[in-house]
Novice: 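Below you will find the structure I want to go over with you.
Position 1 is the first residue of the sequence, and the numbers go up from there.
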Amino acid sequence: MKKGILIAVVAVLVGVLIGGGAFAVLDHNREQQKALKAAKDKASEASKKLKEASKKTSAKAELANAESESKEPVTEQSSSATAESASSATTNNVQLAQQALVGKGYTLKIESYDGMNPDDAMSAGAPQNLVHDGVEYYYFTDAQTVEFTGLGNYNPKASDAYTVSPDGVQLPGGQMIRYQVSDGQVTFSNLTRTIDGHTYVYSFSEDANAIAYVTSK
């Protein structure tokens with residue numbers, strides 16, 4: 001009887017030990033599965049972040065390229081617009097200078113000789129015909145032709161071509177009269193000649209009497 005009870009107790013203890021071991025193994029497996037799942041979740045999260053970072057980097061690169069491409073044409077257009085504006089202004093200045101001449105009379109008159117006014121220069125030994133020969137009259141009949149003459153009946157009237165360019169007004173004989181345009185107004189610069197080592201300075205200005213004087217010959 002006692003022996004049977006002992007055997008039963010031993011059997012119960014063995015069952016408990018075996019059951020506990022099984023539960024321990026099961027719990028261990030569950031912990032491993034949890035750890036494996038957590039590792040997979042972390043790897044998946046890291047992969048997502050990497051993809052998002054890659055997308056952002058790619059988007060920034062595309063944006064930078066787009067901005068660069070959009071800026072280049074603007075620079076080219078700006079340069080082109082500047083060149084066109086300068087060309088338009090030059091053309092306009094030439095037209096204004098042409099308009100200031102056509103149908104009007106001008107006088108080319110000596111203003112100084114070696115820095116002295118003509119009268120003082122003649123008193124100091126300059127050519128005595130300085131004033132008489134230092135005047136020329138011009139009548140710009142149209143945009144291509146100018147009639148001109150000198151002082152005195154012995155100077156006949158002549159007719160020749162003239163041109164207006166951004167550089168100035170090219171008169172017959174090669175004389176170049178420079179001009180400036182400001183606020184739509186044209187002003188002509190003085191003409192300087194050097195003859196036999198002496199400096200002659202002439203003014204070029206509109207003269208209402210020039211037309212009558214030129215056409216009278």
Novice: Taking all non-hydrogen atoms of both residues into account, name the closest pair between Val214 and Glu147 and its distance.
Specialist: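 For Val214 and Glu147, the tightest heavy-atom pair comes out as CG1-CB, 3.7 Å.
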Novice: With rounding to the nearest 0.5 Å, note down the distance linking NZ in Lys104 to CD in Gln99.
Specialist: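 Lys104 NZ to Gln99 CD: 8.5 Å, rounded to 0.5 Å.
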Novice: Let me confirm one number: the CE-CD distance from Met122 to Gln128, rounded to the nearest 0.5 Å.
Specialist: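 Met122 atom CE to Gln128 atom CD measures 6.0 Å (nearest 0.5 Å).
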Novice: Only one of Tyr106, Tyr137, Tyr179 clears ring-ring contact (aromatic ring centres under 6.0 Å, His included) with Phe204; which?
Specialist: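 Per the ring-ring contact (aromatic ring centres under 6.0 Å, His included) rule, the option paired with Phe204 is Tyr106, out of Tyr106, Tyr137, Tyr179.
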Novice: Test side-chain contact (heavy atoms from CB on, under 4.5 Å) on Thr107 and Glu206 and set out the steps.
Specialist: CA-CA 6 Å; Thr107 297; Glu206 187 174 354; over 6 Å; no
Novice: Would you indicate whether Asn129, at its atom CG, is surrounded by more than 12 heavy atoms from other residues, nucleotides or ligands within a distance under 6.0 Å?
Specialist: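 More than 12 within 6.0 Å, yes.
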Novice: Does the pair Tyr139 and Phe148 meet the rule for a ring-ring contact (aromatic ring centres under 6.0 Å, His included), with working shown?
Specialist: CA-CA 6 Å; Tyr139 171 34; Phe148 56 98; over 10 Å; no
Novice: If every non-hydrogen atom of Ser165 is compared with every non-hydrogen atom of Val94, which pair is closest and at what distance?
Specialist: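 Answer, listing the atom of Ser165 first, then Val94: C-CG2, 3.8 Å.
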Novice: Classify the ring geometry between Tyr113 and Tyr200 as parallel (under 30°), tilted (30 to 60°) or perpendicular (over 60°).
Specialist: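 Aromatic pair Tyr113/Tyr200 classed perpendicular.
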Novice: Test your reading of the model: is there a side-chain donor-acceptor pair from Thr192 to the backbone of Val201, 3.5 Å cut-off?
Specialist: no
Novice: Does the side-chain contact (heavy atoms from CB on, under 4.5 Å) test come out yes or no for Leu108 and Val135, once each step is laid out?
Specialist: CA-CA 6 Å; Leu108 187 68; Val135 179; over 6 Å; no
Novice: Tell me if a side-chain donor or acceptor on Arg178 pairs with a main-chain N or O of Asp167 at a distance below 3.5 Å.
Specialist: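 Pair found, side chain donor or acceptor close to backbone of Asp167.
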Novice: Using every non-hydrogen atom in the two residues, find where Thr90 and Pro166 come nearest and quote the distance to one decimal.
Specialist: CG2-CG, 3.4 Å
Novice: Can any side-chain N or O of Gln144 pair as donor or acceptor with the backbone N or O of Tyr162 at less than 3.5 Å?
Specialist: no
Novice: Take Leu151 and Tyr213 through the test side-chain contact (heavy atoms from CB on, under 4.5 Å) and record every step on the way to the result.
Specialist: CA-CA 9 Å; Leu151 190 63; Tyr213 191 77; 3.7 Å; yes
Novice: I need the Leu191 CG to Tyr202 OH distance, nearest 0.5 Å.
Specialist: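 Atom-to-atom, Leu191:CG and Tyr202:OH are 7.5 Å apart.
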Novice: Does Asn93 reach the main-chain N or O of Val181 with its side chain, forming a donor-acceptor pair under 3.5 Å?
Specialist: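 Not a single qualifying donor-acceptor pair exists.
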Novice: Taking all non-hydrogen atoms of both residues into account, name the closest pair between Gln180 and Ser189 and its distance.
Specialist: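 Closest approach of Gln180 to Ser189: NE2-OG, 2.7 Å.
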Novice: Side chains of Ile211 and Asn209: does their closest heavy-atom pair fall under 4.5 Å?
Specialist: no
Novice: Taking all atoms of both residues into account, what is the closest heavy-atom pair of Val164 and Leu101, and its distance?
Specialist: CG2-CD1, 3.9 Å
Novice: When rounded to the nearest 0.5 angstrom, what distance separates OG in Ser112 from CG in Leu130?
Specialist: 9.5 Å
Novice: Going by distance alone, is a donor N or O of one side chain under 3.5 Å from an acceptor N or O of the other, for Glu111 and Ser203?
Specialist: yes
Novice: Look up atom CG in Asn155 and atom OG1 in Thr149, then write down how far apart they are to the nearest 0.5 Å.
Specialist: 5.5 Å
Novice: Quick check: does any side chain N or O of Thr145 sit under 3.5 Å from a backbone N or O of Asp142, one acting as donor and the other as acceptor?
Specialist: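 Pair absent, no side-chain N/O of Thr145 close to backbone of Asp142.
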Novice: Determine whether Pro172 and Val146 make a side-chain contact, defined as any pair of heavy atoms from C-beta on separated by less than 4.5 Å.
Specialist: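 Yes; the side chains approach each other to less than 4.5 Å.
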Novice: More than 12 non-hydrogen atoms from neighbouring residues, nucleotides or ligands closer than 6.0 Å to NZ on Lys109, yes or no?
Specialist: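 Count not over threshold, so no.
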Novice: Testing the basics here: between Ala100 and Val186, what is the closest heavy-atom pair and its distance to 0.1 Å?
Specialist: CB-CB, 4.2 Å
Novice: Does Asp119 offer a backbone N or O that forms a donor-acceptor pair with the side chain of Asn117 under 3.5 Å?
Specialist: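 Yes, Asn117 side chain to Asp119 backbone: donor-acceptor pair under 3.5 Å.
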